[in-house]
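Side chains included, hydrogens not; waters and symmetry mates left out as well; all remaining heavy atoms used.
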Amino acid sequence: MTGRGPSGAPETQGGVLGYVETKVGDEVKNFYDPRFEGRRLFSEVLGTFFLVLVAAGGAVVNAQSGGQIPLAVRVTAPGLMVMAMILFMGAVSGAHFNPVVSVGFAMRGDFPWKRVPGYVVAQLVGSILAVLFLRATLGNIGGLGTTEPGPGVSAMTAILFEAVLTLGLLSTILGTASGAQNIGVFGALGVGAYIALAGLWSAPISGTSMNPTRSLGPMIVSGNYHDWYVYIVGPFVGGFLAVGVAWILRGRGGGIRGKMAAQGDVQLNVVDPSTSPHDAPPA
């Protein structure tokens with residue numbers, strides 16, 4: 001809360017409320033500070049690189065090792081990697097690593113639409129770099145981790161599975177990013193667990209991509225575009241449905257908690273708390 005002082009200038013309220021107001025104002029300014037964009041985009045490239053390295057690399061290493069990586073391990077590893085990357089870099093970029101997540105946060109009003117194209121390009125670059133690394137080190141084997149519908153599974157069935165699975169994934173992400181949930185870094189556990197559990201039972205149907213860039217990277221590098229549309233249409237349909245579910249459950253987005261989860265709260269400078277009066281609430 002602010003008022004007017006004797007001189008007519010704005011006067012910030014003291015105490016805990018004043019501290020909270022100052023911190024929220026600082027975070028909102030940081031969200032829109034263009035100086036942070038390079039760090040955010042680098043974070044998306046790096047995080048998507050490691051996600052695809054594990055997700056596509058499971059099939060490649062399995063082929064190279066003569067089948068030593070069981071399916072259960074291949075589908076669980078991406079969930080664990082996403083959990084680690086969220087904990088590692090969530091405060092920098094929001095740890096999207098998936099264009100459906102970026103678009104979903106933007107539709108909720110938690111992420112600026114003008115940043116979505118840059119995030120999507122960064123995610124695709126990270127995915128392609130991961131597959132190029134796998135091909136350069138292990139060779140063009142295991143289909144380079146390309147996702148395809150399972151044997152006897154139609155493209156339409158795969159689309160439906162990808163849509164439903166992505167509905168659950170983005171609902172988990174939006175739910176754990178909500179101020180109503182307010183579970184902080186434990187959201188990484190929920191998202192990582194969901195990815196692993198979804199893969200454990202549905203990988204033989206569609207490959208459990210739930211992420212267009214995870215699928216497009218291997219397709220671009222390998223040149224295998226079989227049923228490519230499955231992994232664009234399915235995830236985005238599920239993402240749009242998840243935004244609708246979030247609106248039904250929690251109303252409109254745009255709250256400070258949702259924005260912090262979607263955009264990160266990266267700082268340019270690290271300040272010694274003992275020298276900054278705003279780094280700790282007043283006693």
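Residue pairs that meet the ring-ring contact (aromatic ring centres under 6.0 Å, His included) test with at least one member in residues 43-73, sequence neighbours left out, do not exist here. Within the structure, side chain to side chain donor-acceptor pair (under 3.5 Å) contacts touching residues 121-136 (residues at least two apart or in different chains) are Glu44-Gln123, Ser102-Gln123. Among residue pairs with one or both ends in residues 194-215, those qualifying as ring-ring contact (aromatic ring centres under 6.0 Å, His included) are Phe161-Trp201; sequence neighbours excluded.
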Output a table of donor-acceptor pairs, distance under 3.5 Å, between side-chain atoms of residues 204-212 and any protein atom two or more places apart or on a different chain; print 'none' if there are none.
unit_1: Ser206; atom_1: OG; unit_2: Glu162; atom_2: OE2; d: 2.6
unit_1: Ser206; atom_1: OG; unit_2: Thr208; atom_2: N; d: 3.3
unit_1: Thr208; atom_1: OG1; unit_2: Ser202; atom_2: OG; d: 2.9
unit_1: Thr208; atom_1: OG1; unit_2: Ala203; atom_2: N; d: 3.1
unit_1: Ser209; atom_1: OG; unit_2: Asn211; atom_2: N; d: 3.3
unit_1: Ser209; atom_1: OG; unit_2: Asn211; atom_2: O; d: 2.9
unit_1: Ser209; atom_1: OG; unit_2: Ser215; atom_2: OG; d: 2.7
unit_1: Asn211; atom_1: OD1; unit_2: Thr213; atom_2: N; d: 3.1
unit_1: Asn211; atom_1: OD1; unit_2: Thr213; atom_2: OG1; d: 2.7
unit_1: Asn211; atom_1: OD1; unit_2: Arg214; atom_2: N; d: 3.4
unit_1: Asn211; atom_1: ND2; unit_2: Phe97; atom_2: O; d: 2.8

Could you go through residues 55-63 and list every donor-acceptor pair under 3.5 Å that involves a side-chain atom there, pairing it with any protein atom two or more places apart or in another chain?
unit_1: Asn62; atom_1: OD1; unit_2: Gln68; atom_2: N; d: 3.4
unit_1: Asn62; atom_1: OD1; unit_2: Ile69; atom_2: N; d: 3.0

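Here the closest non-hydrogen pair linking Leu167 and Leu241 is CD1-C, 3.8 Å. Taking both residues in full, the closest heavy atoms of Leu46 and Met89 are given as CD2-SD, 3.9 Å, listed atom of the first, atom of the second, then distance. Of all heavy-atom pairs between Val45 and Ala122, the closest is CG2-O, 3.4 Å. When all heavy atoms of Gly239 and Val100 are compared, the closest pair comes out as CA-CG1, 3.7 Å. A pairwise comparison of heavy atoms in Pro78 and Ile195 identifies C-CG2, 4.2 Å as the closest pair. In plain terms, the two heavy atoms of Leu165 and Ala198 that are nearest each other are CD2-CB, 4.0 Å.
Here the side chain of Ser43 pairs no donor or acceptor atom with the backbone of Arg39 at under 3.5 angstrom.
Both Leu138 and Leu51 are members of a single hydrophobic cluster when ILVMFWY side chains are connected at heavy-atom separations under 4.5 Å. Residue Ile232 is not grouped with residue Met156 when hydrophobic side chains (ILVMFWY) are merged at heavy-atom distances under 4.5 angstrom, including chains of intermediate members. By the rule that hydrophobic residues join a cluster once side-chain heavy atoms approach within less than 4.5 Å of another member, Val75 and Val52 end up as members of separate clusters. In the hydrophobic clustering of ILVMFWY residues, with side-chain heavy atoms under 4.5 Å counting as a link, Trp228 and Ile220 come out together. In the hydrophobic clustering of this structure, Val73 does not group with Leu71; members are Ile, Leu, Val, Met, Phe, Trp, Tyr whose side-chain heavy atoms approach within less than 4.5 Å, directly or through other members.
Other members of the cluster containing Ile248 are Trp247, with ILVMFWY side chains joined at under 4.5 Å, either directly or via other members. Cluster partners of Val164: none. The rule joins Ile, Leu, Val, Met, Phe, Trp and Tyr whenever side-chain heavy atoms lie under 4.5 Å apart, and it links nothing here.
In this structure, Thr166 OG1 and Phe236 CZ are separated by 9.5 Å, a value rounded to the nearest 0.5 Å. The distance from atom OG1 of Thr176 to atom CD1 of Ile86, rounded to the nearest 0.5 Å, is 7.5 Å. Here the CG-CG distance, from Leu134 to Leu129, works out to 11.0 Å after rounding to the nearest 0.5 Å. Here His226 contributes atom NE2 and Thr146 contributes atom OG1; the two are 11.0 Å apart, rounded to the nearest 0.5 Å. Atoms CG and CG, from Asn98 and Leu170 in turn, are 8.0 Å apart once rounded to the nearest 0.5 Å. To the nearest 0.5 Å, atoms OG (Ser154) and CG (Leu160) are separated by 8.0 Å.
Taking the ring pair (Phe, Tyr, Trp, His ring centres under 6.0 Å) definition, one finds that Trp113 meets it with nothing, sequence neighbours left out. Not counting sequence neighbours, Ser65 has no partner by the side-chain hydrogen bond (donor to acceptor under 3.5 Å, both in side chains) test. Scanning for side chain to side chain contact (heavy atoms under 4.5 Å, CB included) contacts around Leu80 gives Thr76, Met83, with sequence neighbours left out. When the side-chain hydrogen bond (donor to acceptor under 3.5 Å, both in side chains) test is applied to Glu148, the partners found at least two apart in sequence or on another chain are Asn224. For Tyr231, there are no ring pair (Phe, Tyr, Trp, His ring centres under 6.0 Å) partners, not counting sequence neighbours.
For the pairing with Val103, the side-chain contact (heavy atoms from CB on, under 4.5 Å) check across Tyr119, Phe111, Phe240 returns one residue only, Phe240.
Between Leu174 and Phe105 there is a side-chain heavy-atom pair separated by less than 4.5 Å. Residues Arg115 and His96 form no side-chain contact, since every pair of their non-hydrogen atoms from C-beta on lies 4.5 Å or further apart.
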